[in-house]
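What follows is one structure encoded as structure tokens, with my remarks underneath.
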Amino acid sequence: MIAPIAVALTVGLLGWTYRALKPPPPKICGSPDGPPVTSPRIKLSDGRHLAYREAGVPREEAKYKIVVIHGFGSSKDLNLPASEELVEELRIYFLFFDRSGYGDSDPNPSRSVKSEAYDVQELADKLQIGSKFYVIGISMGAYPVYSCLKYIPHRLAGASLVVPFVNYWWPCLPANLSNDAFSRLLAQDQWSFRVAHYTPLLFYWWMSQKWFPSLSILAGNMAIFSQSDLEILKKWSEAPSVGQEKIQQQGVYESLHQDIMVSYGKWEFDPMDLINPFPNNEGSVHIWQGYEDRIIPFQVNRYLSEKLPWIHYHEVPDAGHLLIFESKNCEAVLRELVQRRRNLVLNRNQKWLYSRPRWFD
């Protein structure tokens with residue numbers, strides 16, 4: 001009797017393990033069992049759909065076209081608190097979109113750091129926003145900006161990485177720096193990121209099990225936020241954003257989990273491999289970091305900007321992780337991004353005016 005019982009127990013254990021490790025199938029928008037499609041979408045070359053939202057001045061009238069890339073647990077429905085006066089003054093067109101698996105955008109079973117850049121490029125081409133455009137990536141939405149700098153630099157007019165995500169296993173980071181920055185995270189976050197990096201096949205189980213605490217932000221641990229962040233969160237609670245209920249509607253694995261596994265996995269390149277996409281100062285790249293940020297340690301982004309001096313580093317003393325959602329900071333990000341290019345154009349025009357033949361007048 002021992003052998004049959006052992007076999008039955010083994011089979012049962014294997015079945016339980018398989019079910020624990022295998023995420024449920026996604027609920028694709030527009031499918032019979034999925035949520036309805038409620039946003040405009042474009043169809044990519046691989047058959048997937050990306051949902052998008054346009055804001056600011058009409059694209060045909062815009063001087064500056066900016067693709068905004070949302071972060072972890074967010075969507076195209078995020079609101080940047082830039083005043084209408086500023087947007088009209090600078091003539092800015094915004095293009096927001098749901099990254100794969102979020103909101104109304106189809107999941108990407110082949111998702112990678114590299115695929116993020118080509119999603120941005122194809123979206124821009126489908127909507128005909130021009131041969132060059134700006135990108136702003138917020139928090140985890142910054143790793144697609146790194147991807148754009150690597151794979152489609154010729155399409156960029158400028159880029160801003162706001163409180164950008166950090167992969168603690170980037171080869172370019174000195175061990176003492178990455179270890180020190182990593183140790184500043186809550187223990188439950190350290191373990192979650194280790195699982196995502198070393199054993200991604202176990203990540204769904206890790207995020208679903210109840211024995212050990214997993215990711216702090218999903219558990220509602222407010223200790224990860226600075227005082228300024230808490231004040232912003234309080235304002236949000238008083239006036240909830242539209243579309244929050246759609247962020248994970250196709251499945252938490254397809255949106256949140258895959259985002260973490262891709263970003264903390266092994267990259268196809270190292271940030272130190274990046275080359276200045278604007279050698280003639282025809283555009284600019286920026287990192288914006290809150291000194292009080294408890295989610296992204298400022299030491300790492302400060303180090304990266306020192307090693308890549310063509311990146312303009314802005315450290316905001318009294319800001320936390322949500323710095324771009326304060327109006328003054330948001331407007332500073334926008335002005336710095338487009339102002340440098342505008343100044344370059346003005347300088348070139350002035351140079352041309354001063355060098356014109358006298359008979360031209």
Checklist entry - Does Asp98 come within less than 4.0 Å of Lys76, counting only side-chain N to carboxylate O? => result yes
Item to check | Non-hydrogen side-chain atoms of Glu89 and Leu86 separated by less than 4.5 Å | outcome: yes
Next on the checklist: Is it the case that the side chain of Glu292 and the backbone of Ala319 share a donor-acceptor pair, with hydrogens and angles ignored and the cut-off at 3.5 Å?
Outcome noted: no
Next on the checklist: Which heavy atom of Tyr168 sits nearest to which heavy atom of Ala181, and what is that distance?
Outcome noted: CE2-CB, 3.9 Å
Checklist entry - Are Asp104 and Arg41 within salt-bridge range, i.e. N to O under 4.0 Å? => result no
Next on the checklist: Determine whether Asp106 and Leu44 satisfy the following criterion, side-chain contact (heavy atoms from CB on, under 4.5 Å), listing intermediate values before the conclusion.
Outcome noted: CA-CA 10 Å; Asp106 292 340; Leu44 301 173; over 6 Å; no
Next on the checklist: Taking Ile92's backbone N and O only, do any of them form a donor-acceptor pair with Lys65's side chain (distance below 3.5 Å, no angle check)?
Outcome noted: no
Checklist outcome for this item: Taken to the nearest 0.5 Å, the spacing of Phe96 CZ from Ser74 OG works out to 10.0 Å
Checklist entry - Between atom OG of Ser237 and atom CD1 of Ile232, what is the distance when rounded to the nearest 0.5 Å? => result 12.0 Å
Checklist outcome for this item: In terms of heavy-atom contacts, Ile224 and Asp189 come closest through CG2-OD2, 4.3 Å
Checklist entry - Side-chain donor-acceptor pair under 3.5 Å between Ser83 and Glu331, yes or no? => result yes
Checklist outcome for this item: ring-ring contact (aromatic ring centres under 6.0 Å, His included) test vs His197 passes for just one of Phe182, Trp169, Trp267, namely Trp169
Checklist entry - Are the side chains of Tyr64 and Leu334 in touch, meaning some heavy atoms are under 4.5 Å apart? => result no
Checklist entry - Under 30°, 30 to 60°, or over 60°: which ring-plane class applies to Tyr264 and Phe193, parallel, tilted or perpendicular? => result parallel
Checklist entry - Hey, what's the ring geometry for His286 with His314, parallel, tilted or perpendicular (30° and 60° as the breaks)? => result parallel
Checklist entry - Taking all non-hydrogen atoms of both residues, which atom of Pro277 and which atom of Trp310 are closest, and how far apart? => result CD-CZ3, 3.7 Å
Item to check | Considering all heavy atoms, the nearest Leu337-Ala159 contact | outcome: CD1-N, 3.4 Å
Checklist entry - Which atom pair, heavy atoms only, marks the closest approach of Leu161 to Ala142? => result CD2-O, 3.8 Å
Checklist entry - Which atom names give the shortest non-hydrogen contact between Gly265 and Asn167, and what distance separates them? => result O-ND2, 3.1 Å
Item to check | Neighbour count >12 (heavy atoms, 6.0 Å) for atom CD, Glu61 | outcome: yes
Next on the checklist: I need the Ser208 OG to Tyr253 OH distance, nearest 0.5 Å.
Outcome noted: 10.5 Å
Item to check | Presence of salt bridge, Lys150 and Glu116, under 4.0 angstrom | outcome: no
Next on the checklist: So does Ala51 get a backbone contact from the side chain of Ser105, meaning a donor-acceptor N/O pair under 3.5 Å?
Outcome noted: yes
Item to check | Linked, directly or transitively: Ile275 and Val145 (ILVMFWY side chains, under 4.5 Å) | outcome: no
Checklist entry - Is there a side-chain contact between Arg99 and Phe97 (heavy atoms, below 4.5 Å)? => result yes
Checklist entry - From Ser139 OG over to Leu322 CG, what is the distance, rounded to the nearest 0.5 angstrom? => result 8.5 Å
Next on the checklist: Can you confirm whether Tyr93 sits close enough to Pro58 that some side-chain heavy atom of one is under 4.5 Å from a side-chain heavy atom of the other?
Outcome noted: no
Checklist outcome for this item: To the nearest 0.5 Å, atom SG of Cys148 lies from atom OH of Tyr143 at 11.5 Å
Item to check | Flag for Tyr102-Asp259: side-chain donor and acceptor within less than 3.5 Å | outcome: yes
Checklist entry - Cys172 versus Leu304: any side-chain heavy-atom pair under 4.5 Å? => result yes
Checklist entry - Which of these passes side chain to side chain contact (heavy atoms under 4.5 Å, CB included) with Leu123: Val120, Leu127, Asp119? => result Leu127
Item to check | Flag, side chain of Gln188 to backbone of Leu186, donor-acceptor distance under 3.5 Å | outcome: no
Checklist entry - How about Pro24 and Tyr204: do any of their side-chain heavy atoms sit closer than 4.5 Å? => result yes
Checklist entry - Taking a hydrophobic cluster as the set of Ile, Leu, Val, Met, Phe, Trp and Tyr residues connected by side-chain heavy atoms closer than 4.5 Å, whether directly or through intermediates, do Ile28 and Ile247 fall within one such cluster? => result no
Next on the checklist: Quick check on Glu84: does its CD atom have over 12 non-hydrogen neighbours (other residues, nucleotides or ligands) under 6.0 Å away?
Outcome noted: no
Item to check | Side-chain touch Ile138/Leu80, heavy atoms, less than 4.5 angstrom | outcome: yes
Item to check | Side chain Gln209, main chain Trp206, donor-acceptor under 3.5 Å | outcome: yes
Checklist entry - Atom CG of Asn301 and atom CH2 of Trp288: how far apart are they, to the nearest 0.5 Å? => result 13.5 Å
Checklist entry - Any side-chain heavy-atom pair from Phe133 and Leu156 closer than 4.5 angstrom? => result yes
Checklist entry - Taking it one step at a time, do Val333 and Ile136 satisfy side-chain contact (heavy atoms from CB on, under 4.5 Å)? => result CA-CA 9 Å; Val333 170; Ile136 295 178; 4.3 Å; yes
Next on the checklist: Pair Gln249, Cys29 - check side-chain contact (heavy atoms from CB on, under 4.5 Å), show working.
Outcome noted: CA-CA 8 Å; Gln249 66 180 352; Cys29 283; 3.5 Å; yes
Item to check | Criterion side-chain contact (heavy atoms from CB on, under 4.5 Å) on Val252 and His257, from CA distance to verdict | outcome: CA-CA 6 Å; Val252 65; His257 295 184; 3.7 Å; yes
Checklist entry - Passes salt bridge (Lys or Arg N to Asp or Glu O under 4.0 Å), Asp125 versus Arg155? Steps please. => result CA-CA 10 Å; Asp125 288 343; Arg155 301 299 306 274; 2.8 Å; yes
Checklist entry - Do the side-chain N and O atoms of Tyr313 and Gln289 include a donor-acceptor pair separated by under 3.5 angstrom? => result no
Item to check | Val162 backbone acceptor or donor facing Ser160 side chain under 3.5 Å | outcome: no
Checklist entry - Do Asp229 and Arg294 meet the salt-bridge criterion of a basic N to acidic O distance under 4.0 Å? => result no
Checklist entry - So, does Asp46 use its side chain to make a donor-acceptor pair with the main chain of Arg48 at under 3.5 Å? => result yes
Checklist entry - Short question: side chain of Lys126, backbone of Ile42 - any donor-acceptor pair under 3.5 Å? => result no
Checklist entry - Is a donor on one side and an acceptor on the other found under 3.5 Å between the side chain of Ser115 and the backbone of Arg111? => result no
Next on the checklist: Using modelled atom types and a 3.5 Å cut-off, is there a donor and acceptor pairing between side-chain atoms of Gln250 and backbone atoms of Pro26?
Outcome noted: no
Next on the checklist: For the aromatic rings, using the six-membered ring if either is Trp, is the centroid distance between Tyr146 and Trp170 under 6.0 Å?
Outcome noted: yes
